[in-house]
There are 2 protein chains.
Amino acid sequence: MKVNKIFLSQVKEELTAAAARAASASPPLTPNHTSISDDDLVSLSVKDLNRLLKGLTRDEVSKLKQRRRTLKNRGYAANCREKRISQKEELETEKDKLRAEVERLQRENSIVKMELNALRNKCEALEQFAHRNDIRVLTHPHHMVSQMHASLVVKSEPMLPSSTVS
Amino acid sequence: MKVNKIFLSQVKEELTAAAARAASASPPLTPNHTSISDDDLVSLSVKDLNRLLKGLTRDEVSKLKQRRRTLKNRGYAANCREKRISQKEELETEKDKLRAEVERLQRENSIVKMELNALRNKCEALEQFAHRNDIRVLTHPHHMVSQMHASLVVKSEPMLPSSTVS
DNA sequence: ATGATGAGTTAGCAC
DNA sequence: GTGCTAACTCATCAT
């Protein structure tokens, strides 16, 4: 293929003059049924195409069919390019969404961590207070001491459903 | 362009016979300097190219140059396609990274929320204990009562740096 | 037959 | 002149 293409392009050149000659002869000397426009030819139904083909020579038929195929291919190629572009855009959109989601989660995370920190401080203060009270209470025994121990000793308590978290 | 291309492809067909004829005449009847291989021609430096061009006819020179240009273009096109593919792969890699980051943050988030919940429960127990003690302590006034109030009344306390969070 | 896609060619832009 | 890329054509594959 490689060599052929180069070679043919050189050969083709020899025809430039002939091509120009023919092209300048307008309107075409053969205003037959093959003078249908590209847009019409490519959008024809098979039924209509066959109707158009009636009464043409074998050569005219195959040329017209080939032209139709080429025009169709042109459309397929354009379609393919567009698809490629929209797929790329889709990827970028998804990337942007994920990026936004990451940022949202980071914000949420830092807020929750701040809440956690605040609660830790509060808890610590309460624990110190409770501890000193504990000692004091132990000095004056009371029915609530056992309850206090139950909540202070456990580090990881059974959880409530997370729906209770803001 | 559109019309021309279709037309030329039809014209080109007329040359098929001639092309086949010429191609079958191997080795070429003109084993001149234009018989350089594609690979060699495309990788030649400008200096070497000019050396090769010395003593060729105007026509041979322009044909050789055109062939070189076409070969170069072939390489550019391949390059372009490869670039397109690697860019797409890069986008997908970045997407995967972001997706993983989102999952990591979601996990981290739910852990922190569980910790927060646990701490809330603990705090609540401590508060109830403290509250009852408070009442009791108020009955037996003590120097620690004011300290307890300081930590219980405030809902949003000044924060420590978040580095203290696990 | 129709549609999709990789590779090659060409035109045209940018440097 | 060199490199890149959109559009086109062609070969080839799948349906």
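Small disclaimer: the values here were computed from a predicted structure and weren't measured. So that the names make sense, note that chain A is the first sequence line, chain B the second, and so on, each numbered from 1.
The phosphate of dG1(D) (OP1 or OP2) has no side-chain N or O of R69(B) nearer than 4.0 angstrom. Close to dT5(C), at under 4.0 Å from its OP1 or OP2, lies a side-chain N or O of K83(A). Residue K72(B) places no side-chain N or O under 4.0 Å from the OP1 or OP2 atom of dG1(D).
In this structure, of dG8(C), dA6(D), dT2(C), it is dG8(C) that holds the atom nearest to the side chain of R74(B). Each of dA4(C), dG3(D), dC8(D) was ranked by its minimum atom distance to the side chain of Y76(A); first place goes to dA4(C). For T70(A), the listed nucleotide lying nearest its side chain is dT9(D); candidates were dT9(D), dG1(D), dT5(D).
Both N73(B) and R84(B) lie near DNA chain C, and the one whose nearest nucleotide falls closer to the 5' end is R84(B). A residue-by-residue look at A77(B) and K65(B) shows that K65(B) has its nearest nucleotide of DNA chain D further toward the 5' end.
The interatomic distance linking R81(B) (CZ) with dT5(D) (P) rounds to 12 Å, in whole Å. Distance, K88(A) NZ to dT5(D) C1': 12 Å, rounded to whole Å.
Using a 4.5 Å cut-off on side-chain heavy atoms (C-beta onward), N109(A) and L105(A) make no contact.
No side-chain N or O of N73(B) forms a donor-acceptor pair with one of T70(B) less than 3.5 Å apart.
Not a single donor-acceptor contact under 3.5 angstrom links the side-chain atoms of R68(B) to the base of dG1(D).
Counting only distance, with no hydrogens or angles, the side chain of R68(B) and the backbone of L44(B) share a donor-acceptor pair below 3.5 Å.
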Quiz item: Would D40(B) and S37(B) count as a side chain to side chain donor-acceptor pair (under 3.5 Å) if you check the C-alpha gap in whole Å, the side-chain angles of each, and the deciding distance to 0.1 Å?
Solution: CA-CA 5 Å; D40(B) 290 345; S37(B) 81; 3.3 Å; yes
